[in-house]
Amino acid sequence: MRTEDVLAAIATGLWRWDNASGTVTLDAEAARLLGLPPHDTTLTEAAARSRFHPVDWNEVDGIVHLALAEGTLAEVRLRVMDEHGHVLRTVRSRSKPMLNGTSYLLIGTIQEVAEPQPGTTAAHPSITGDWRRSREAFLLDAGRALAEARSTSEVLRVAASLSMPGFSPDGLAVFGVAGERLTIIGHHGHNPGDDGPFTDMALDTDYPAADVVRNGRAIYLPSPQEYRRRFPATWPMAQRFERQSWAFVPLIVAGRTIGAWMAAFKNPVAFTPDERSVLTTVARMLAQALARAGEAENEREFSLGLQRSMMPTLGPEIPGMTVAARYVPTGGGLQVGGDWYDMIPLPGGGSRTDCGGGRFALVIGDVQGHDVRAAGLMGQLRIALRAYASEGHSPDAVLSRASRFLYGITESYGLPEPSGDGYEDHAAHAAHADHTDYAPRFATCLYIEVDPATGTLDIARAGHPDPVIRTADGTALIRPTAGGLPLGIEADSDYPTTRLVLDPDETIMICTDGLIETGGHDMASGWTRLRPVLEKHTGDSLEQLADELVQAVHGPSSHHTTGPLVDRREDDIALLLLRRNDVSAGAGTAPPEVVRRTALTVAQAEPQQIAGARGQLRELLHDWSDDEQVDSAVLMISEMITNVLVHTDGDALLVAEARGPLGSRRLRVEVADASDELPHRRRPGELASSGRGLILMEMLADAWGVDPRGDGKSIWFELYEPAPGARPDAAPPSPE
């Protein structure tokens, strides 16, 4: 008897579905079951599809792909419809899918089933639709939750909280592969210690998870009997958990099996194609989430290691001085960039650990970019700066050599020059820049040579923000310093040196632009945000002040001071604070008088520095109670410095200091020059363009005068800050 006759006797037909040619071949019994004349026939795919309920047909493709992935049979129930849309019967098909290039071929049986599939009768079509919508909603929620997980622990927590529609597991475990070993990296639904036998095992163990990892195919065990039959060696260890069904699904990423996922059920589960499809989809999303989390954790570990290797410790304390530093990476990427700071002991002044406190250098800088190449250039530049400083060069020479060094190593990666004007050359040039990122880069830098014994600071600046001085009374002032181009712009650049003296209890702050501009700020608005933090700080702890400055930028309070540039990219932050301690404090002496002081030299060849002098004086008097007096002081120093530059051949030295408590201070401003010729009062005509300097001082100053000196003269004036609601009696103007 032929096989076809045997199958026909039990009402079972044969069919062949060729996805490549789009044809479905039926034998006589299969044709009868589909409501066609009972003889062999070949239909187009569209004609065969018209014989089935559309909802059922839509499930076929997914079930076939699931069977191909698992290497199992494709089993599906289909409702056969007549020409009027009525259900004739329900049939079950069991087929073995085979790949044929990009298409597949199904060869299997089709048989009528006596009982309808629950929820698939024509009278209740909404049941199938509701279950399908629930499944789709679950998969969307699970995918969203897994996509938002940023660490392995978060992924495992999400996996443990999954509640699958209709067949939620009560025990979950995620297995990972480490070499030739299989380990549990997370589980749910087990008591502590229950997973002991499965925590670490060889990949050749006769255990379902190990088998899944070896073969890359899912294993479904619908009953304890099936588990015991297929895995007798490990069944005794699994028996005590009293589960009824198990699903072991591979975790596959980019064709590589990275582990296995186990879902165990207390109630029996048949693992229908729909249920297997849900489990397989969840396993794919779980594998992707674990891979992303692993990459993110590796990047964080790499960036932290890179930061630890590149960010130096400040080392032993320096007698008479206190130093604090912070480095805050930007929030994205590898969290490492081109910002750095350093503290370098200098030769010729003793060791940093000597009781006398040898000279040292503070360096802070920012290499263009926020990527690994920026970090690499930063490391090279840091080493070069330390080497030049250790050789004993002056600040300007250190920066000049560093600029030449950075220019050389970035130019060696320069882009190929186009050979002509053709579009091909320009396209190749642009493609080279895009793919290699070898375009020359620059770096800003601020270098300070510090003498702890005298508080002298010699500063050289390469395109970096100016330092900020916090005086003994808490006033924060930007101290303009001479500077040059950022490092690496030109092979030969000059970096003039500015000398400041840090008085006792004064603090200098140097930082990268990230501290100022983070949060959408520019230099002006960022300084407006930071200044109150510096001035309101109380106490002697520089560490606390550093934390407050960073908190003002990254903490909750920073959201209330959003800057005008809302789309500005966030930047790394490097911060250094240096304070000169007051050695007389606590020695029983009277507290020193509160003094603010600024000094500036305006050279004959740099008349534009007069604007800088006006700005420094306004900074010094930013909290003066009378704005008109501030305007008067600014007007008078403009006149005094201009007279020196016009009527003498030397430079003008400006010294301004404010003494006393707030509300009753005295401002004294002196402008000195090397000329012996004393100013004299003139009576300018109505159209004269000069001769009114002394008249202005006589009208605006509370006191003024001219002091001859052995090497020149000094012109000075004083202003007295009015107390709230009243103005103190001013000293009579000088008759000189």
Heavy-atom distance under 4.5 Å between the side chains of V468 and R479, does that happen here? no
Does a side-chain heavy-atom distance below 4.5 Å link T475 with L477? yes
Out of curiosity, L346 CG to I344 CD1, how far, rounded to the nearest 0.5 Å? 7.0 Å
Return yes if a side-chain donor-acceptor contact under 3.5 Å exists between R614 and S638, otherwise no. yes
Taking the side chain as C-beta and beyond, is there a heavy-atom pair between R326 and D547 under 4.5 Å? yes
Close side-chain approach of L578 to F360, heavy-atom, < 4.5 Å: yes
Give a yes-or-no answer on whether the side chains of T444 and D366 include a donor-acceptor pair shorter than 3.5 Å. no
Tell me yes or no: between the side chains of D466 and T481, is some donor less than 3.5 Å from an acceptor? yes
Would you mind telling me which of L362, I510, L545 makes a side-chain contact (heavy atoms from CB on, under 4.5 Å) with L577? L545
Trace of the salt bridge (Lys or Arg N to Asp or Glu O under 4.0 Å) decision for D505 with R580: CA-CA 6 Å; D505 272 346; R580 185 183 182 192; over 6 Å; no
Would you say M697 and I715 make side-chain contact, with heavy atoms under 4.5 Å? yes
To the nearest 0.5 angstrom, please state how far the CE atom of M378 sits from the CH2 atom of W340. 8.0 Å
Distance-only criterion, 3.5 Å: show the donor-acceptor pairs between side-chain atoms of residues 602-612 and protein atoms not counting sequence neighbours.
from: Q604; atom 1: NE2; to: L645; atom 2: O; distance (Å): 3.3
from: Q604; atom 1: NE2; to: T648; atom 2: O; distance (Å): 3.0
from: Q604; atom 1: NE2; to: G650; atom 2: O; distance (Å): 2.6

To the closest 0.5 Å, what do you measure between CG (L457) and OG1 (T497)? 12.5 Å
Could you check whether T471 and E506, counting side-chain N and O atoms only, form a donor-acceptor pair closer than 3.5 Å? no
Are the side chains of V553 and L530 in touch, meaning some heavy atoms are under 4.5 Å apart? yes
Would you check if there is a donor-acceptor pair between the side chains of E535 and H622 at a distance under 3.5 Å? yes
Quick one: CD1 on I478 to CE on M509, what's the gap to the nearest 0.5 Å? 8.0 Å
Distance (rounded to the nearest 0.5 Å) between Y388 OH and F405 CZ: 6.0 Å
With rounding to the nearest 0.5 Å, note down the distance linking CG in D458 to CG in D451. 8.5 Å
Using a distance-only test with no angle check, is there a side-chain donor-acceptor pair under 3.5 angstrom linking N581 and T322? yes
Quick check against the 3.5 Å criterion: does T518 have a side-chain atom that pairs as donor or acceptor with the backbone of G514? yes
Ignoring hydrogens and geometry beyond distance, is a side-chain donor-acceptor pair present between W624 and E721 at under 3.5 Å? no
Looking just at side-chain N and O atoms, do H537 and Q544 make a donor-acceptor pair shorter than 3.5 Å? no
Under the 3.5 angstrom rule, does the side chain of R665 hit a backbone N or O of L719 as a donor-acceptor pair? no
Does K713 come within less than 4.0 Å of D673, counting only side-chain N to carboxylate O? yes
